[in-house]
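Notes follow the structure.
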Amino acid sequence: MRLPVDTSVVHFVSAGPAEPSIDFDTKVQKLDTKGVAINQVHLFVVGDGGTREVVTVKVSGDVKGLGQFTPVKVTDLVALTWAMGDRSGVSFSASKVEAITQRTAAS
């Protein structure tokens with residue numbers, strides 16, 4: 001199930017630069033349905049009241065300008081539930097993850 005996430009009530013900070021999302025079986029970088037490489041970004045998520053979590057968000061295409069503790073804007077964040085045998089969980093994807101700059105902040 002795809003569940004949209006309201007990103008207006010939390011803040012995101014990158015834990016470091018984006019990394020290729022690697023297929024477990026083939027050890028090759030994953031591609032989306034359009035053939036674009038999928039990357040993953042580890043993000044610190046800070047909510048109201050100081051609640052903190054670390055999540056990994058997958059995004060198609062290049063993600064530039066991220067370093068450790070870079071504030072970021074996440075666009076179209078979706079939580080995806082999954083099940084594999086007796087295991088289940090939630091993964092996250094977004095259409096865009098970008099460093100917040102003066103120009104981005106004004107948008």
Side-chain angles (χ1 to χ4, degrees):
M1 176 180 278
R2 298 175 58 86
L3 304 166
V5 177
D6 181 2
T7 58
S8 69
V9 296
V10 293
H11 301 281
F12 298 93
V13 179
S14 69
E19 306 168 345
S21 181
I22 304 296
D23 183 276
F24 183 78
D25 294 323
T26 65
K27 308 298 186 227
V28 175
Q29 186 170 14
K30 294 179 182 177
L31 304 176
D32 68 9
T33 56
K34 296 178 183 175
V36 177
I38 298 174
N39 291 289
Q40 58 187 19
V41 181
H42 304 288
L43 300 176
F44 298 107
V45 183
V46 182
D48 291 339
T51 305
R52 297 180 183 130
E53 292 289 334
V54 177
V55 298
T56 300
V57 178
K58 293 185 180 176
V59 60
S60 295
D62 289 334
V63 182
K64 297 181 182 180
L66 300 188
Q68 197 168 28
F69 306 117
T70 303
V72 298
K73 177 181 177 185
V74 181
T75 304
D76 301 327
L77 183 64
V78 175
L80 303 150
T81 59
W82 58 268
M84 200 184 275
D86 61 345
R87 299 176 45 196
S88 61
V90 176
S91 62
F92 295 92
S93 68
S95 64
K96 189 186 295 187
V97 175
E98 58 189 325
I100 293 178
T101 62
Q102 292 297 341
R103 184 172 170 233
T104 304
S107 303

Say whether [X] and [Y] are linked into one hydrophobic cluster, either directly or through other cluster members, by side-chain heavy-atom distances under 4.5 angstrom.
{"X": "Val55", "Y": "Val72", "result": "yes"}
{"X": "Val10", "Y": "Leu77", "result": "yes"}
{"X": "Ile100", "Y": "Val45", "result": "no"}
{"X": "Val13", "Y": "Val74", "result": "no"}
{"X": "Leu43", "Y": "Val9", "result": "yes"}

Considering all heavy atoms of both residues, which atom of Gly65 and which atom of Ala99 are nearest to each other, and what is their separation?
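Heavy-atom minimum between the residues: O-CB, 3.7 Å.
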Can you give me the closest heavy-atom contact between Ser93 and Leu80, atom names plus distance?
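Shortest heavy-atom separation between Ser93 and Leu80 comes out as OG-CD1, 3.7 Å.
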Could you list who else is in Val36's hydrophobic cluster, with ILVMFWY side chains joined at under 4.5 Å, directly or through other members?
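Under the 4.5 Å side-chain rule, Val36 groups with nothing.
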Quick one: hydrophobic cluster around Met1, which other residues, with the 4.5 Å side-chain cut-off, linked directly or via members?
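Hydrophobic cluster check, Met1: joined to Leu3.
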Heavy-atom side-chain proximity of [X] to [Y] below 4.5 angstrom:
{"X": "Ile22", "Y": "Gln40", "value": "no"}
{"X": "Trp82", "Y": "Arg87", "value": "yes"}
{"X": "Asn39", "Y": "Ser21", "value": "no"}

Please list all pairs passing the side-chain hydrogen bond (donor to acceptor under 3.5 Å, both in side chains) test where one or both residues lie in residues 51-63, with sequence neighbours left out.
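Residue pairs with at least one partner in residues 51-63: Asp32-Ser60, His42-Thr56.
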From [atom1] ([X]) to [atom2] ([Y]), nearest 0.5 Å:
{"X": "Ser14", "Y": "Gln68", "atom1": "OG", "atom2": "CD", "value": "8.0 Å"}
{"X": "Ile38", "Y": "Glu19", "atom1": "CD1", "atom2": "CD", "value": "14.5 Å"}
{"X": "Phe12", "Y": "Glu98", "atom1": "CZ", "atom2": "CD", "value": "12.5 Å"}

Atom NZ of Lys34: over 12 foreign heavy atoms under 6.0 Å:
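It does not: Lys34 NZ has 12 such atoms or fewer within range.
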Sub-3.5 Å donor-acceptor pair from the side chain of Ser95 to the main-chain atoms of Thr75, do we have one?
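The answer is yes, because a donor-acceptor pair under 3.5 Å joins these two groups.
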